[in-house]
S.K.: 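Here you go, one structure.
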Protein chains: 4
Amino acid sequence: MKMKNDKAQQIMVAAAGVFAREGFHKATVEEIARKAGVGKGTVYEYFESKDDLFRAMIREGVQLFLKVLAAELACEDGVRAKLIRFVEVSACFLKEHESQARFIMEDAWGLGKSFCQWMAETRQELSGLVREIIEEGVKKGELRPVDPDLVTKVFTGANHALIVSAFSTGEYPDREMATSLVDLLFQGLQP
Amino acid sequence: MKMKNDKAQQIMVAAAGVFAREGFHKATVEEIARKAGVGKGTVYEYFESKDDLFRAMIREGVQLFLKVLAAELACEDGVRAKLIRFVEVSACFLKEHESQARFIMEDAWGLGKSFCQWMAETRQELSGLVREIIEEGVKKGELRPVDPDLVTKVFTGANHALIVSAFSTGEYPDREMATSLVDLLFQGLQP
Amino acid sequence: MKMKNDKAQQIMVAAAGVFAREGFHKATVEEIARKAGVGKGTVYEYFESKDDLFRAMIREGVQLFLKVLAAELACEDGVRAKLIRFVEVSACFLKEHESQARFIMEDAWGLGKSFCQWMAETRQELSGLVREIIEEGVKKGELRPVDPDLVTKVFTGANHALIVSAFSTGEYPDREMATSLVDLLFQGLQP
Amino acid sequence: MKMKNDKAQQIMVAAAGVFAREGFHKATVEEIARKAGVGKGTVYEYFESKDDLFRAMIREGVQLFLKVLAAELACEDGVRAKLIRFVEVSACFLKEHESQARFIMEDAWGLGKSFCQWMAETRQELSGLVREIIEEGVKKGELRPVDPDLVTKVFTGANHALIVSAFSTGEYPDREMATSLVDLLFQGLQP
DNA sequence: GATGAATGAGTTTTCATTCAT
DNA sequence: TATGAATGAAAACTCATTCAT
């Protein structure tokens, strides 16, 4: 079953690798097809265009990330624990899916305005998860009544900075660093 | 005086606009030249290539930003005041130079790996300013002995998130938001 | 069968005509493609670059020329007969393939040093045929012990001059002239 | 006196070097001007165009060659002596003016048909000198009544081959080789 | 006369996309 | 459905030539 999906998956995986290595514009559909072990025409059977393939690939990655993240966060209790887990899971997931990850974390204005906007919206879904944690924390009285929007931005921004930095250095944040980060923020958030 | 510099400047200003609007690849040298009011060949008199023009333009923007920032920070006393001023000046500057700003704040992996690396290095100079503030604060005992690296990443990451968000919403952080942000972090940093 | 080869052939034939008429630099890939009845991109499917196409075309011509020449010379007996045939076949062949021929006979320093060198090497193969005839003649005692190198140069130089002159005047050497030429040299070569 | 001519000369010398090294198309007017120690605009004060400069440079070289050759040949008596001297002087002159020489000896169809034709005509002047020697030899009875045209072509072709070969190998024909060459032909020319 | 900054026409080359098989 | 040969639009870049100083 889902043979069609399998081939699309195959192509998206190949695409992630090539896009990550070459950047969007230098990547060629031909190479992606070759790495995926299919003909160039086949790529167009499953995706409208190079742009479409790219978007689909990112959406796929984000969706998986969100699913994993949501599942892991559900296991944790309390704002602090959830946030620590957030940092930890982010790092872990992105480490294992580095090529797809770059597209999720990094901006890409180089691809044109509309693309950027779409990316921004896509990234919103992610910060949504954090906002929920914060809002719940405030409601439950675990946090003092801060602006959830500001805190979300601060937290995701900080997390983003850690990950992006790890892309270059290879030092992905571990549980200890995650704890340090969260505690840094947490002190300013307590009632 | 400085006629030569003027023409290069003229071209870089035009380039910033076109690059910001179209993205690197969709932007054409021809349009940049037209907007700058010079011939296509003239662009190549002053810049080796489209890439070179792009890099020069960013470097120009970063340098100006650094200069302004350093000057403003020098007027402030104490870590807290400096950090607040940092957020405020970032927002203010980037608001007024939005087109150049995007390149400073946002990544551009779409342009290829080596390009990204160069951008990363360029952006390092910026975080250097923050690290200095933090390190000095620790040394002077204003802050507890935290890892300056971590704090720098958290702070710049948060600031980055605020600015990038402002690019879409148009709501640039004001002094109040800057204070909120800094105080959020500051509580976790006090001795 | 040999569909692939056919298309490359098709393009090379068109190229020979355009290159001969316009010269290397004035010739455009676009016109070559048009004359070959294919799209511009197709030329690049079969040849790396304009340079590559040019080289391939010449190599093709030289190879054909060498094949024909070798076959014809094999039918003749004795140095004198072979040399006469050489002149005759050269003239005949080059008359029928004038556009390709110019590249084989004439130098082309205008295309850059490395190109020239390659052309020189290519042309060496041709003089090799003559040298063999001379060397064999000396060994068999048909000729007095002359320097085969010198004689080869004299003979090919003379032949070259005849052909090149024919390009302008249209008077390609016939059997009579071939005989005159060879006899002129032959008297100085007899034991 | 002749200041104007001096500057033109200066430019032509520089041009010869650059053209010889780079080929016609790769050579830039800018580099020629630089090597000549003048401004780019100055080149256009003395020559209509790059083409014009090139032609003028060749004509200059040919004219000098013809003058030298004519003078040297006038000192010799008899066909054989004159022809030997011809080879010798050619070699010697071209060795000393190699960069200009290539243009005189080698063809340049790469520059377009009309250019080639002009070059052919220019080279005619040279063979004219040889034809005169042959014709006079025939008239005076030193040679049997051969076709002067054929002999001229053979001789100049052979000489050409020797020189062109020397361009690559660096072994310019000396008096001994000149004698060998002429005697080779001479035996077929005696009454 | 001399200069060199400015120009833009003209070319090669790339690659996403199509479509006949 | 899968393919990959063919296509041509699009863009960077070069350099001969001009002309204001």
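Naming convention: chains lettered A, B, ... in sequence-line order (proteins, then strands); numbering from 1 in each chain.
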S.K.: For E/dG1, does OP1 or OP2 lie under 4.0 Å from any side-chain N or O of D/Tyr46?
M.R.: no
S.K.: Tell me what D/Thr28 touches on the nucleic acid: a base, only sugar-phosphate, or nothing, going by heavy atoms under 4.0 Å.
M.R.: sugar-phosphate
S.K.: Which residue lies toward the 5' end of DNA chain F, A/Val43 or D/Ala27, if each is placed at its nearest nucleotide?
M.R.: A/Val43
S.K.: Hey, what's the ring geometry for B/Phe24 with B/Phe19, parallel, tilted or perpendicular (30° and 60° as the breaks)?
M.R.: parallel
S.K.: To the nearest Å, how far apart are B/Tyr44 OH and F/dA11 C1'?
M.R.: 8 Å
S.K.: Between B/Gln9 and B/Glu60, is any side-chain donor less than 3.5 angstrom from a side-chain acceptor?
M.R.: yes
S.K.: Take A/Leu64 and A/His97 through the side chain to side chain contact (heavy atoms under 4.5 Å, CB included) test and state the conclusion after the steps.
M.R.: CA-CA 10 Å; A/Leu64 181 58; A/His97 300 77; 4.1 Å; yes
S.K.: Both distances under 3.5 Å, Watson-Crick or G-U wobble: report the partner of F/dT21, or none.
M.R.: E/dA2
S.K.: Taking OP1 and OP2 of E/dC15, is either one under 4.0 Å from a side-chain nitrogen or oxygen of A/Lys26?
M.R.: no
S.K.: Please name the pair of heavy atoms, one in A/Tyr44 and one in A/Ser49, separated by the smallest distance, quoted to 0.1 Å.
M.R.: CE2-CA, 4.0 Å
S.K.: In whole angstrom, give the distance that lies between atom CD of A/Gln10 and atom P of F/dA2.
M.R.: 10 Å
S.K.: How long is the line joining NZ of B/Lys50 and P of F/dC13, in whole Å?
M.R.: 8 Å
S.K.: On DNA chain F, check which nucleotide each of C/Gly39 and B/Glu30 is closest to and give me the residue with the more 5' one.
M.R.: C/Gly39
S.K.: Rounded to whole angstroms, how far apart are CD on D/Glu45 and C1' on F/dC19?
M.R.: 11 Å
S.K.: Counting the atoms with a prime plus P, OP1 and OP2 as sugar-phosphate, which does C/Ala33 contact under 4.0 Å by heavy atoms, base, sugar-phosphate, or nothing?
M.R.: nothing
S.K.: Taking the side chain of A/Ser49 as its heavy atoms from C-beta onward, which of F/dT3, E/dT7, E/dT17 lies nearest to it?
M.R.: E/dT17
S.K.: What is the distance, to the nearest angstrom, from the CG atom on C/Leu53 to the C1' atom on E/dT13?
M.R.: 14 Å
S.K.: Can you measure B/Asp6 atom CG to E/dA6 atom P for me and round it to whole angstrom units?
M.R.: 11 Å
S.K.: Let's see if you can work this out: which of E/dT17, F/dG8, E/dA6 has an atom nearest to the side-chain heavy atoms of C/Lys40?
M.R.: F/dG8
S.K.: Classify the nucleic acid contact of A/Gly41 as base, sugar-phosphate or nothing, counting any heavy atom under 4.0 Å across all strands shown.
M.R.: base
S.K.: More 5' along DNA chain E: C/Val29 or D/Thr42, using each one's nearest nucleotide?
M.R.: D/Thr42
S.K.: Quickly work out the D/His25 NE2 to E/dT11 P distance and round it to whole Å.
M.R.: 10 Å
S.K.: Send over the distance from B/Arg34 CZ to F/dA12 P, rounded to a whole Å.
M.R.: 12 Å
S.K.: Show your reasoning for whether salt bridge (charged side-chain N to carboxylate O under 4.0 Å, His left out) applies to D/Arg59 and D/Glu125.
M.R.: CA-CA 11 Å; D/Arg59 180 169 287 136; D/Glu125 295 183 50; 5.9 Å; no
S.K.: Whom does F/dC13 pair with, Watson-Crick or G-U wobble, provided both distances fall under 3.5 Å?
M.R.: E/dG10
